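Below is one structure; the comments refer to it alone.
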Amino acid sequence: MTSMVNSTTSPVQDPQQEDLYGYVPTRYVCFTFVALFGVSTAIHLAEAIYWRMSWLLATACFAGVSEVIGWSARLWSSYSPFAQDPYIMQLCVTIIAPSPLVAALFILFGRISERLGAQYGRLSPMWYSVIFLTCDIISLVTQGVGGGIAGSSIGNISEVNLGGNIMLAGIIFQLTSITIFVILMIEYFVRYFVDKPLRQSQKGIASEEAFASTRGVLTKKLQLLTVSLLAMTLFLVIRSVYRMIELIDGFEGEIIQTEIWFNIFDGAMVVCAIYTLSVLHPGWLLEDMSAYRGTPSAVPLQDISPNDSPRASFLSLNPKAKGVEQEQ
């Protein structure tokens, strides 16, 4: 028990030195997270290249690299617990590292809504990405600025508190945007399952555009991708709530000075989110649907025609196909 307490408690120090963490980061924990994030980043890089999904480079891969840097700084602190440079580095990087992963949520939901039917959402798939990615960038910049001010002002309580408050504002803004996103996402899926679209196609019923806007089928792969989306959202919301409470409690508070809470509610939650995305990856779960993009005849329909003929249902929506039918 004594050795466990000592592993998370600062050793005897010179009066000139500042106790930055309130504990000494546990070395094997830091090694573990560096390894986990390093492996996940390599996996995401390979998957992004293989599936040609460049947006994952700027989201999952960037988040993974940032986490490796942040946890490497904490590992550095386990050797030099009173050094300011690694403390400032981990403070700034770990606060913003998951933000690109949050951005992946918004893009992923846009891809899903494209396939199930944009008419069930308040926004178009493109605007989900545009609006919420903008919010995520604002949050990332705000948290980064706050972390920089707090980290570079060690010893100046008023400046440290200012930086902490800016970081808190960024976290609250991010959590608010995620909450709004979750509400819109829940509404979308409810409307999809009860088949109550918010709008109908403005095109004629015999147009290919009308056909493309029909209710898509929630295939097994899309079900798995939806589970991935919901699980990632849960993990990242838990992490954001923890960070918000941590910053409200302050840099001198018990929460920020308790290592185990940071390891569980920050590190472990981000690990769960990033590995969920790598296992239930949009590359293979969207593969079949992406092959159908731009090919109306391959878009699955929920409803069939009165004579129970899917082919007839398609013909009623595609005048070109009907002409072929008549010629035959």
Side-chain angles (χ1 to χ4, degrees), residues 33-34 36-38 40-41 44-45 48 53-74 88-111 128-151 163-182 184-185 228-248 256 262 265-278 282:
F33 278 112
V34 169
L36 286 171
F37 284 118
S40 69
T41 302
H44 274 294
L45 178 61
M53 292 185 163
S54 59
W55 58 274
L56 286 170
L57 297 175
T59 54
C61 291
F62 183 47
V65 170
S66 300
E67 290 287 357
V68 168
I69 294 172
W71 281 94
S72 295
R74 290 178 68 85
I88 294 171
M89 186 187 303
Q90 67 86 32
L91 179 66
C92 295
V93 177
T94 58
I95 193 71
I96 66 173
S99 293
L101 204 54
V102 173
L105 295 178
F106 306 145
I107 297 174
L108 194 56
F109 177 66
R111 298 291 194 274
Y128 278 115
S129 298
V130 169
I131 292 175
F132 289 106
L133 283 176
T134 301
C135 292
D136 199 49
I137 292 171
I138 293 172
S139 168
L140 186 150
V141 172
T142 304
Q143 293 174 63
V145 169
I149 293 174
N165 289 334
I166 294 174
M167 292 166 67
L168 177 60
I171 283 287
I172 291 176
F173 182 78
Q174 183 180 60
L175 187 57
T176 301
S177 65
I178 293 176
T179 301
I180 294 172
F181 168 74
V182 169
L184 292 175
M185 180 171 62
S228 171
L229 174 66
L230 296 176
M232 287 176 60
T233 302
L234 176 61
F235 294 138
L236 294 175
V237 166
I238 291 173
R239 181 261 175 189
S240 294
V241 170
Y242 161 74
R243 280 296 207 167
M244 180 182 68
I245 296 172
E246 174 195 64
L247 291 171
I248 290 175
I256 202 171
F262 181 84
F265 294 114
D266 188 286
M269 290 300 104
V270 181
V271 164
C272 289
I274 202 168
Y275 274 95
T276 297
L277 183 60
S278 66

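Predicted model, so just to flag it, every value in this text is computed and none were measured. Computed from heavy atoms alone, side chains included, the values below leave out hydrogens, waters and symmetry copies.
- Minimum interatomic distance between Ser240 and Ile178 (heavy atoms only, all atoms of both residues): OG-CD1, 4.3 Å.
- Taking 4.5 Å as the limit, some side-chain heavy atom of Phe37 sits within range of a side-chain heavy atom of Val271.
- Once rounded to the nearest 0.5 Å, the distance linking CE of Met269 with CZ of Arg243 reads 13.5 Å.
- With contacts defined as side-chain heavy-atom distances shorter than 4.5 Å, the pair Leu277/Thr59 does not qualify.
- One finds the CD1 atom of Ile274 at 5.5 Å from the CG atom of Leu101 (value rounded to the nearest 0.5 Å).
- The minimum heavy-atom distance between Cys92 and Gly148, with the atom names listed, is SG-N, 3.5 Å.
- Taking both residues in full, the closest heavy atoms of Val93 and Gly70 are given as CG1-N, 3.7 Å, listed atom of the first, atom of the second, then distance.
- Atom OH of Tyr275 sits about 8.5 Å away from atom NE2 of His44, to the nearest 0.5 Å.
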Evaluation steps, side chain to side chain contact (heavy atoms under 4.5 Å, CB included), between Ile171 and Arg239: CA-CA 10 Å; Ile171 283 287; Arg239 181 261 175 189; 4.0 Å; yes
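- Closest heavy-atom contact between Met167 and Gly146: CG-C, 3.3 Å.
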Quick one: do Trp71 and Leu36 satisfy side chain to side chain contact (heavy atoms under 4.5 Å, CB included)? Show the steps, please. CA-CA 10 Å; Trp71 281 94; Leu36 286 171; over 6 Å; no
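- Counting only heavy atoms from C-beta outward, the side chains of Thr94 and Val270 never approach each other to under 4.5 Å.
- Atoms OG and CZ, from Ser40 and Phe33 in turn, are 11.5 Å apart once rounded to the nearest 0.5 Å.
- Here the straight-line distance linking atom CG of Asn165 with atom CD1 of Ile248 works out to 10.0 Å at 0.5 Å rounding.
- Shown here for Val68 and Gly38, the closest heavy-atom pair between the two residues is CG2-N, 3.5 Å.
- Between Ala58 and Pro100 the shortest heavy-atom distance is O-CB, 3.8 Å.
- In this structure the side chain of Ser129 never reaches within 4.5 angstrom of the side chain of Trp55, judged on heavy atoms.
- For Ser139 (side chain) and Cys135 (main-chain N/O), no donor-acceptor pair under 3.5 Å exists by modelled atom type.
- Between Phe132 and Phe106, the angle of the ring planes lies from 30° to 60°, which puts this pair in the tilted group.
- For the pair Phe181/Val102, no side-chain contact is recorded, criterion being any heavy-atom separation below 4.5 Å from C-beta on.
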Take Leu230 and Met185, measure what side chain to side chain contact (heavy atoms under 4.5 Å, CB included) needs, and give me the verdict at the end. CA-CA 10 Å; Leu230 296 176; Met185 180 171 62; 3.7 Å; yes
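- A heavy-atom distance below 4.5 Å is found between the side chains of Glu246 and Phe262.
- Summarising the geometry, atom CD1 belonging to Ile138 is positioned 9.0 Å from atom OG belonging to Ser177; distances are rounded to the nearest 0.5 Å.
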